[in-house]
Amino acid sequence: MSEIPKTYDPSVVESEWYQYWLEHRCFVADAHSRKPAYSIVIPPPNVTGILHMGHVLNNTIQDILARKARMEGKEVLWLPGTDHAGIATQNVVARQIKKDEKISIRDLGREKFLERVWDWKNKHGSIIIDQLKKLGASCDWSRERFTMDPGYSKAVTDTFIDLYNKGLIYRGKRMVNWCPVALTALSDEEVIMKPQNGAMYFFKVQVVEEPNTWLTIATTRPETIPGDTAVAVNPKDTRYAHLIGKHIYRPLPTEFPEEKKRIPIIGDDHVEFEFGTGVLKVTPAHDKADFEIGQRHKLEFIDVMNPDGSMNDLAGADLRGLDRFKARKVAAEKLTELGVLEKEEPYQNNVGFSERADVPIEPRLSEQWFLKYPSVPRSIEVAEKGDLKFFPERWHKVYDHWLNNIQDWCISRQLWWGHRIPVWYRGEEVRCQAESPGADWTQDPDVLDTWFSSWLWPFATMDEATLKKFYPTTALVSGPDILFFWVARMVMAGLEYTGQTPFSHVYLTGIVRDKIGRKMSKSLGNSPDPLDLISKYSADALRFGVMRSAPLGQDILFDEQHVELGRNFCTKLWNACRFRQMHAGEVQGEIDPTKLTSDDKWILLRLDKAIAEIGDALRDYKFNEATSAVYRFFWSEFCDWYLEASKAVLNGTDAAQKANTLAVLDFILSHTLRLMHPFLPFVTEQLWHGLGYNQDMPADQGGTTIMFAPWPKPLGAEFLQGYSLDESDERFVEAKYELVTKARNLRREFNVSGAKKVRFVLRSNSELPAYEAAVLKLLLNAESVDFNAEVKKGTPSVGTQLGDLYLPLEGLIDVSAEKARLNKELEKIDAEIVKVQEKLNNPSFAQKVPANVLEEHQKRLADWRSKREAVLRNLKLLEGE
RNA sequence: GGGCGCUUGGCGCAGUGGUUAGCGCAUCUGUUUUACACACAGGUGGUCGGGGGUUCGAAUCCCUCAGCGCCCACCA
């Protein structure tokens, strides 16, 4: 046992213990262990990323699960790593190069650029890993993986080849979400719909065959008119149905000859009667729905834009070279000049934005690789059958809905940073294989969507032995924002390639928001730097604060005050342990059951309850409940009551009794530290050693580190019986504490300072044992507690379950005031009695209510009545002689 | 348009049919009492978004309205 210093300096302690754990290989998972396995794979953060509050939440939860599992005797693997994050990383490095060297990456060339990205990765890639270490994450760093590691990359390539050979991957010219800034295709999931304020343009077109007939078309995108290859109406729409088969002249580009502007009027069910004018311009190359109409009617596809979103030659002389937004305005002007623009109305619609570049995506026809998702029915089935469970459960529905409506996944990206598509071309020949078939073959220039690699994460990260021991993993902890991107896809890949769901529990955290509910973001500047919080309050404090405010799957409104609370809690723990140590003595061994005081029994029972509660809460992933239970037990029950009561013995003279109380204190503290360790790994480790609890333990049971000390189990019937702990002890002690609270209230009401030692009188039928009297005296800060002594008329009093308590006050007695006070009290009690009685008098209540509820109500009534009697007794005393 | 979540004291949340609706923060009062002022003791403050229903009994179940938020969806 080393001496616990007066103040706790987390900054030193935390880094020392982390180093210690690393040196003792505490986080390393043994694939050949005989212990039952518990495994988690980390959601790999972006290599370019820095730790934010979402990571703190996510990884604290995983760490809690991992640490608890270790203490429960499991062989734990928490597998860490990072994601190459294609677009994000490419952007970051490209921007840096542009800034430093004023050159674009195209100038640099593919090979050179990739070298730069690797340089960047090697230089900065460990930042977020180091930050996780600061947080206390107990990951097995010896197994750290990166999605572009050679082995991992091979898995990605092999997967592609396999799915290709199965006919699930195909190449096709289709409508994709095109990001005009990143110049790449995106998956549907990477598109974010945002309401935009734009305009609806109404323009008219002349029917070729009926020059007197004009149709009015509504559009938000007049710049795409040069790409229109038909006009569509609903065949059931009587206003227009007769025109199907005829033609109109497309107004743009103006300089085109008439025959080039002549486009058909077609009938298609997709057109809504009510919307706009009921006439739809069809632009198959620039709109997903129009593309489908185009296919149905074998229309021409005219692409009028360049990849960067500017207009090309086909858009005509007026628009050529203009940016799409500028072109929209110019197109509207042209329509006005032609005299065909009827009106322009403000209009709000949803526009898809590129997640990364935050610009409107362009639906664009392009040649891409697509994947028909594998193992979809089984993915739905495993969740239905409960082999895959969601916490909270409601996410199952969301998962299910997505799987039932998925479209093929566009997996190719026009980027350089990522896994190259393993497809080779020679003229018309195509081959899908890892290595080049020969010198005259060229590889597909595209890379794969980052998620096409991360969906293999739970198994592609593991070697054979590790897989055998730790796969499938136990739990996955993720934010709900990547449920589709990552979680669902991992299930599919897992089922397809391992035949098993890669994890059986999915815990979806809330999203961390600021205290007024906004999403944390760099641009708002409302995201605190977790490292600042750690250096200000400690990692333990940060973890505790975040956990305490993280209800099951609800969004978390982050407030620094939570962290402050966490720090205060650590300090409280520190001081309570110091208190134990100040009362000297070596760690006490066994508790002598015959020497237990009522308070000892009470706190042991409370501990038992807390252990059960914390265990249950953690089993259900209710981290805030677990944290609250820890908090309540330790602070409100142990510190506020037991510790204070224990001073009656510790400051006394009975050495044997003292030793027993110290043994109880050690028992409680040892359990408490272990219960807290998953939440507060550092301070608990420090105190575990500081109090010497490691000394009697075998090395793998907490002798070296609290990390492997056994996780507390409920004490069990045998223990409770052996120590003769039962409800009567609980009731008595609670009555005692109730008396103390009431007495303190009495002081308050009569302005008697809590610091002043005063005399109390307790009048009761049964005498209190000396120990109880001593505890009362201490808790009441009394000069004495006189049993059944005489009190003067008008002495303030309060009725308790242990008797009537009086606070004799010389010279301060005011009979009428006291009478008024008691009468007021009486009124309150009477009201309660009426309430309960009314319930009990209701005949259907007595009939229908279960026996225990009835009993409870009767007990309550008796309780109120005895309180009433106490007040009446005292009133009588006031009036009497 | 569909789905989901939320609405409890000033703020953030617990409580999902049965004690006097809890907790933390904030606030007010008192206390520097040898574990802790990052503390201790005590207090003020809510009838549980509105309305209706089921029930002996509802914050808790059902219906409905309203507000906030999220997700999904090819209405130009």
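Residue numbering restarts at 1 for every chain, and letters A, B, ... go by the order of the sequence lines.
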* Within the structure, does a side-chain N or O atom of A/Tyr347 lie under 4.0 Å from either OP1 or OP2 of B/A76? -> yes
* Structure fact -> Across every strand shown, the nucleotide meeting Watson-Crick or G-U wobble geometry with B/A39 (both distances under 3.5 Å) is B/U31
* Taking atom C1' in both B/U7 and B/G12, compute the distance separating them and give it to the nearest angstrom. => 14 Å
* Structure fact -> From CG of A/Asp188 across to P of B/C74 the rounded distance in Å is 8 Å
* Structure fact -> When rounded to whole Å, the CG to P distance for the pair A/Asn575 and B/U34 reads 14 Å
* Asked: Looking at B/C74, does its base get a donor-acceptor pair with the side chain of A/His270 below 3.5 Å?
  -> yes
* Asked: Applying the side-chain contact (heavy atoms from CB on, under 4.5 Å) test to A/Ile217, which of A/Asp228, A/Val279, A/Ile225 qualifies?
  -> A/Val279
* Asked: Considering only side-chain heavy atoms of A/Phe275, which listed nucleotide, B/C75, B/C40, B/C38, is closest?
  -> B/C75
* Asked: Quick one: A/Leu665 CG to B/A35 P, roughly how many Å, whole number?
  -> 13 Å
* Between B/G15 (C1') and A/Asn624 (CG): distance, integer Å -> 12 Å
* Which nucleotide sits closest to the side chain of A/Arg578: B/G24, B/C72, B/A35? -> B/A35
* P-based separation of B/C38 from B/C4 [nearest Å] -> 48 Å
* Below 4.0 Å: OP1/OP2 of B/G43 and any side-chain N or O of A/Asn745 -> yes
* Asked: OP1 or OP2 of B/A41 sitting under 4.0 Å from any side-chain N/O of A/Trp641?
  -> no
* May I ask you to say what A/Arg567 touches in the nucleic acid, namely base, sugar-phosphate or nothing, with a heavy-atom cut-off under 4.0 Å? => base
* Charged N to carboxylate O below 4.0 Å: is that the case for A/Glu855 and A/Lys859? -> no
* Asked: According to the Watson-Crick and G-U wobble definitions, with both distances under 3.5 Å, which nucleotide is paired to B/A73?
  -> none
* Using atom C1' of each nucleotide, how far apart are B/G46 and B/G24 to the nearest Å? -> 16 Å
* To do: May I ask you to say what A/Lys288 touches in the nucleic acid, namely base, sugar-phosphate or nothing, with a heavy-atom cut-off under 4.0 Å?
  => nothing
* Asked: Think A/Lys397 has a side-chain N or O under 4.0 angstrom from the OP1 or OP2 of B/C4?
  -> yes
* Under 4.0 Å between any heavy atoms, over every strand shown, what does A/Lys757 touch: base, sugar-phosphate, or nothing? Just pick one. => nothing
* Which value, in whole Å, describes the distance between the C1' atoms of nucleotides B/C11 and B/G51? -> 28 Å
* Other residues, nucleotides, ligands: >12 heavy atoms within 6.0 Å of A/Lys204 NZ -> yes
* **Comparing A/Gln561 and A/His583 on RNA chain B - which has the more 5′ nearest nucleotide** => A/Gln561
* Say you pick atom C1' in B/A26 and the same atom in B/C70; how far apart are they, in whole Å? -> 30 Å
* How far does the C1' atom of B/A73 sit from the matching atom of B/G15, given to the nearest Å? -> 37 Å
* According to the Watson-Crick and G-U wobble definitions, with both distances under 3.5 Å, which nucleotide is paired to B/C56? -> B/G18
* To do: Have a look at A/Trp864 and say if it touches a base, only the backbone sugar-phosphate, or nothing, with a 4.0 Å heavy-atom cut-off.
  => base
* Asked: OP1 or OP2 of B/U33 less than 4.0 angstrom from a side-chain nitrogen or oxygen of A/Lys756, does that happen here?
  -> no
* Asked: Is any side-chain N or O of A/Asn350 closer than 4.0 Å to OP1 or OP2 of B/A73?
  -> no
* What about A/Tyr373 and A/Trp402, are their ring centers closer than 6.0 Å? -> yes
* Ion pair A/Glu730/A/Lys609, N-O distance below 4.0 Å -> no
* Asked: Just checking A/Val282: base, sugar-phosphate only, or nothing, at a heavy-atom cut-off of under 4.0 Å?
  -> nothing
* May I ask you to say what A/Thr741 touches in the nucleic acid, namely base, sugar-phosphate or nothing, with a heavy-atom cut-off under 4.0 Å? => sugar-phosphate
* B/A26 P sits how many Å from A/Leu565 CG, rounded? -> 9 Å
* Contact class for A/Leu643 vs. all strands (heavy atom < 4.0 Å): base, sugar-phosphate, or nothing? -> base
* Between A/Phe275 and A/Leu280, does a side chain to side chain contact (heavy atoms under 4.5 Å, CB included) hold up when you go through it step by step? -> CA-CA 9 Å; A/Phe275 194 87; A/Leu280 172 69; over 6 Å; no
* Would you indicate what A/Cys570 reaches in the nucleic acid, counting non-hydrogen atoms under 4.0 angstrom: base, sugar-phosphate, or nothing? => nothing
* Asked: Starting at CG of A/Leu746 and ending at P of B/U29, how long is that distance when rounded to a whole Å?
  -> 22 Å
* Structure fact -> Under a 3.5 Å limit on both distances, the Watson-Crick or wobble mate of B/C23 is B/G12
* Paired with B/G5 by Watson-Crick or G-U wobble geometry, both distances under 3.5 Å: which nucleotide is it? -> B/C68
* To do: Name the residue closer to the 5' end of RNA chain B, choosing between A/Arg744 and A/Thr277 according to the nucleotide with the nearest heavy atom.
  => A/Arg744
* Can A/Lys236 and A/Asp269 be counted as an ion pair, charged N to O under 4.0 angstrom? -> yes
* **For B/U47, the Watson-Crick or wobble partner whose two distances fall under 3.5 Å** => none
* Asked: B/C56 and B/U44: how far apart are their P atoms, nearest whole angstrom?
  -> 36 Å
* Asked: Expressed in whole Å, how much space separates the C1' atoms belonging to B/C74 and B/G1?
  -> 13 Å
* Structure fact -> Winner on side-chain proximity to A/Arg748, out of B/A39, B/A41, B/C71, is B/A41
* Asked: When we call it a touch if two heavy atoms are under 4.0 Å apart, what does A/Ser628 touch: a base, just sugar-phosphate, or nothing?
  -> nothing
* To do: Give A/Glu644 one of three labels, base, sugar-phosphate or nothing, depending on what nucleic acid heavy atoms sit under 4.0 Å from its own.
  => base
* Asked: Where the side chain of A/Met582 is defined as all heavy atoms beyond and including C-beta, which of B/G12, B/G5, B/U34 is the nearest nucleotide?
  -> B/U34
* Looking at side-chain heavy atoms only, is the closest gap between A/Arg296 and A/His270 below 4.5 Å? -> yes
* Can you check whether A/Phe679 and A/Phe623 have ring centres sitting under 6.0 Å from each other? -> no
* Check the distance between B/C71's P and A/Tyr399's OH and give it to me in whole angstrom. => 20 Å
* To do: Check the distance between B/C74's P and A/Asn349's CG and give it to me in whole angstrom.
  => 14 Å
* Give a yes/no on whether any side-chain N or O of A/Lys647 is located under 4.0 angstrom from OP1 or OP2 of B/A35. => yes
* Asked: Out of B/G24, B/A76, B/C36, which nucleotide sits closest to the side chain of A/Lys572?
  -> B/C36
